[in-house]
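Starting from 1, each residue takes its place in the sequence as its number. For ligands, and for the atoms within them, numbers begin at 1 and follow the listed sequence.
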Amino acid sequence: MELILPSDDLQKNADKPLIFAIEDNEDNLLLISYIAENLNCRFVGENQGSHALMIAKKYQPSLILLDIILPDLSGFEIFQNLQKDSATAHIPVIAITALAMKEDEDEIQAAGFHEYVKKPYILDQLEDIILSYLP
Ligand code: MN
């Protein structure tokens, strides 16, 4: 498992919102960790979809940022698993994807994600969207 905890020990600052990102591109994961830090949030990153549900259950993040194209599970499968589990169903999930075809967009919207952000995104816009979902 590649769990990335760059900013704070998760046990500390437990009052800060926790952002959990699932993303296989390390540069993007790092970028999201910087955004989280900038927004005064804690951060957990994971590059394998198969670990997402377990980590979400364990850490109970305030918000999940979910890449759609991952090497193992798809973001759709992960989202369904999160929604099916009563321990994670309440957590808002923002899909982040480079999928650009109209059909892909329709599929993402139909899946019921709380929000959908296209890559490449503008940092300020992503920050604003994240902020709107934080407690
Ligand atoms: Mn990806």
Side-chain angles (χ1 to χ4, degrees):
M1 186 197 313
E2 299 235 2
L3 194 60
I4 301 174
L5 305 169
S7 46
D8 293 311
D9 178 347
L10 283 178
Q11 305 306 319
K12 293 180 204 157
N13 300 307
D15 53 321
K16 287 185 182 181
L18 175 65
I19 294 172
F20 174 32
I22 304 120
E23 162 71 78
D24 61 318
N25 178 299
E26 289 195 7
D27 290 338
N28 288 340
L29 203 52
L30 197 60
L31 188 62
I32 295 171
S33 78
Y34 292 146
I35 292 174
E37 199 172 0
N38 196 36
L39 296 175
N40 202 28
C41 292
R42 294 171 300 147
F43 174 79
V44 176
E46 170 61 56
N47 59 13
Q48 292 195 50
S50 54
H51 298 146
L53 181 63
M54 180 189 69
I55 293 171
K57 286 172 87 157
K58 181 173 179 189
Y59 292 103
Q60 292 292 307
S62 303
L63 176 66
I64 295 173
L65 302 182
L66 179 57
D67 185 22
I68 296 295
I69 311 283
L70 294 160
D72 51 357
L73 292 179
S74 81
F76 293 110
E77 290 172 275
I78 295 167
F79 181 61
Q80 281 171 4
N81 293 339
L82 290 164
Q83 291 290 99
K84 269 189 277 181
D85 196 308
S86 61
T88 52
H90 62 285
I91 303 170
V93 180
I94 299 176
I96 299 185
T97 180
L99 291 174
M101 306 286 285
K102 178 80 174 76
E103 305 83 73
D104 297 326
E105 211 166 302
D106 291 346
E107 193 181 357
I108 288 166
Q109 273 164 3
F113 291 103
H114 293 76
E115 195 98 32
Y116 158 40
V117 177
K118 268 193 225 177
K119 292 177 187 173
Y121 42 75
I122 296 166
L123 278 186
D124 285 351
Q125 286 177 351
L126 183 59
E127 278 196 10
D128 286 347
I129 291 168
I130 290 172
L131 271 178
S132 73
Y133 283 96
L134 292 180

Student: Test Ile130 against every option in Leu63, Asn38, Val117 by the side-chain contact (heavy atoms from CB on, under 4.5 Å) rule and name the one that passes.
Tutor: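 Exactly one pass, corresponding to Leu63.
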Student: Can you give me the closest heavy-atom contact between Gly75 and Leu66, atom names plus distance?
Tutor: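 That would be O-CD2, 3.3 Å.
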Student: Please answer whether the main-chain N or O of Ser50 pairs with a side-chain N or O of Asp72 as donor and acceptor at a distance below 3.5 Å.
Tutor: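 Checking the backbone N and O of Ser50 against the side chain of Asp72, a donor-acceptor pair under 3.5 Å is found.
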Student: Determine, stepwise, if the pair Glu37 / Phe43 fulfils side chain to side chain contact (heavy atoms under 4.5 Å, CB included).
Tutor: CA-CA 7 Å; Glu37 199 172 0; Phe43 174 79; over 6 Å; no
Student: Asp24: which N/O/S atom is nearest the Mn ion (ligand 1)?
Tutor: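 The Asp24 atom nearest to the Mn ion (ligand 1), restricting to N, O or S, is OD1.
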Student: For the metal site, I want the angle between atom OD2 of Asp67 and atom O of Ile69 with the Mn ion (ligand 1) at the apex, to 10°.
Tutor: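 Vertex the Mn ion (ligand 1), arms to OD2 of Asp67 and O of Ile69: 90°.
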Student: Quick check: does Ile68 have an N/O/S atom under 2.8 Å of the Mn ion (ligand 1)?
Tutor: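 Given the 2.8 Å cut-off, Ile68 does not count as a ligand of the Mn ion (ligand 1).
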